[in-house]
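Here is the structure we will look at.
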Amino acid sequence: MGRLIPAAVFVLAFTAYAATAYPSFAPRDSADLARAAITLGVAHPPGYPLYALLGHVWLRLLPWGDAVYRLNLLSAACGALAAALLAAACRRHGRAAAVAAGLSFAFCAPLWKFSLLSEMYSLQAAFAAA
């Protein structure tokens with residue numbers, strides 16, 4: 001039962017993010033980061049090499065559809081993972097606390113915003129939650 005809460009938080013968050021993700025390029029630096037991931041190039045400084053490498057692998061694992069949309073889904077998965085990891089960390093405080101923490105984090109405006117487009121912030125949130 002303890003692992004179901006983070007899994008449920010992940011599924012709920014990822015479903016919401018995927019349903020509202022940008023269908024292609026988004027504002028800010030998403031085009032630059034998408035190009036870096038697609039071509040294994042370097043984005044503007046500091047370059048975000050981990051995001052570019054992870055994005056390139058992600059594109060190989062999901063070989064269908066628009067490449068930029070697939071990178072947006074990578075951000076959605078990272079944001080959902082961050083929320084699930086937070087829920088897992090809060091399990092010792094009870095199920096309600098874990099669900100509340102995970103879903104509150106998943107649906108807070110900054111995480112939701114950056115989980116919809118190809119940016120590195122949701123990946124950073126996942127590392128911070130881990």
Side-chain angles (χ1 to χ4, degrees):
M1 185 62 129
R3 291 184 180 155
L4 289 178
I5 291 171
V9 167
F10 179 88
V11 168
L12 284 170
F14 182 76
T15 302
Y17 295 158
T20 57
Y22 283 92
S24 189
F25 292 110
R28 300 183 47 95
D29 297 328
S30 68
D32 188 28
L33 291 167
R35 182 195 51 78
I38 292 168
T39 64
L40 273 180
V42 177
H44 64 283
Y48 309 106
L50 179 61
Y51 183 83
L53 289 171
L54 186 61
H56 193 75
V57 170
W58 179 267
L59 291 172
R60 299 286 183 232
L61 294 174
L62 297 174
W64 58 89
D66 181 59
V68 178
Y69 178 69
R70 289 182 284 154
L71 289 169
N72 294 346
L73 290 181
L74 170 63
S75 292
C78 289
L81 177 63
L85 289 170
L86 181 63
C90 292
R91 280 186 305 199
R92 65 182 174 162
H93 299 292
R95 288 185 210 155
V99 170
L103 292 180
S104 295
F105 186 55
F107 297 114
C108 72
L111 184 62
W112 192 329
K113 174 184 175 182
F114 289 114
S115 294
L116 304 181
L117 53 115
S118 53
E119 288 269 358
M120 66 295 191
Y121 299 112
S122 59
L123 176 62
Q124 292 172 343
F127 280 124

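What you are looking at is a predicted structure, and each value in this text was computed from that prediction instead of being measured. The figures here come from the full heavy-atom set of this structure, side chains too, leaving out hydrogens, waters and symmetry mates.
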Side-chain donor-acceptor pairs under 3.5 Å in residues 37-52, sequence neighbours left out?
{"unit_1": "T39", "atom_1": "OG1", "unit_2": "R35", "atom_2": "O", "d": "2.7"}
{"unit_1": "T39", "atom_1": "OG1", "unit_2": "G41", "atom_2": "N", "d": "3.3"}
{"unit_1": "H44", "atom_1": "ND1", "unit_2": "D32", "atom_2": "OD2", "d": "2.6"}
{"unit_1": "H44", "atom_1": "NE2", "unit_2": "D29", "atom_2": "OD2", "d": "3.3"}

>> Starting from L53, can I reach L74 by hopping between I/L/V/M/F/W/Y residues whose side chains sit under 4.5 Å apart?
In response: no
>> Within the 4.5 Å heavy-atom criterion, are L81 and L85 side-chain neighbours or not?
In response: yes
>> Rounded at 0.5 Å granularity, tell me how far CG in L4 sits from CZ in R95.
In response: 9.5 Å
> To the nearest 0.5 Å, what is the distance between CG (N72) and CD (E119)?
Replying inline: 9.5 Å
Name the atoms and distances for all side-chain donor-acceptor pairs under 3.5 Å in residues 102-115, with sequence neighbours left out.
{"unit_1": "S104", "atom_1": "OG", "unit_2": "A100", "atom_2": "O", "d": "2.6"}
{"unit_1": "W112", "atom_1": "NE1", "unit_2": "T20", "atom_2": "OG1", "d": "3.1"}
{"unit_1": "S115", "atom_1": "OG", "unit_2": "L111", "atom_2": "O", "d": "2.8"}

> Is a donor on one side and an acceptor on the other found under 3.5 Å between the side chain of S75 and the backbone of L116?
Replying inline: no
> So, does R70 use its side chain to make a donor-acceptor pair with the main chain of L59 at under 3.5 Å?
Replying inline: yes
> Under 4.5 Å between any side-chain heavy atoms of W58 and L73, yes or no?
Replying inline: yes
> Which pairs pass ring-ring contact (aromatic ring centres under 6.0 Å, His included) with one or both residues in residues 61-99, sequence neighbours excluded?
Replying inline: none
> If you take all heavy atoms of A84 and P6, which pair is closest and at what distance?
Replying inline: CB-O, 3.3 Å
> In terms of hydrophobic clustering (I, L, V, M, F, W, Y; side-chain heavy atoms under 4.5 Å; direct or indirect links), are F14 and L62 co-clustered?
Replying inline: yes
> Taking the side chain from D66 and the backbone from S24, do they hold a donor-acceptor pair closer than 3.5 Å?
Replying inline: no
> Which pair of heavy atoms, one from A34 and one from V68, lies closest together, and at what distance?
Replying inline: CB-CG2, 4.2 Å
>> For the OH atom of Y121 and the SG atom of C78, what is their distance to the nearest 0.5 Å?
In response: 14.5 Å
>> Nearest 0.5 angstrom please: S30 OG to L71 CG, how far?
In response: 9.5 Å
> Looking at G79 and S122, what are the two nearest heavy atoms and their distance?
Replying inline: N-CB, 3.6 Å
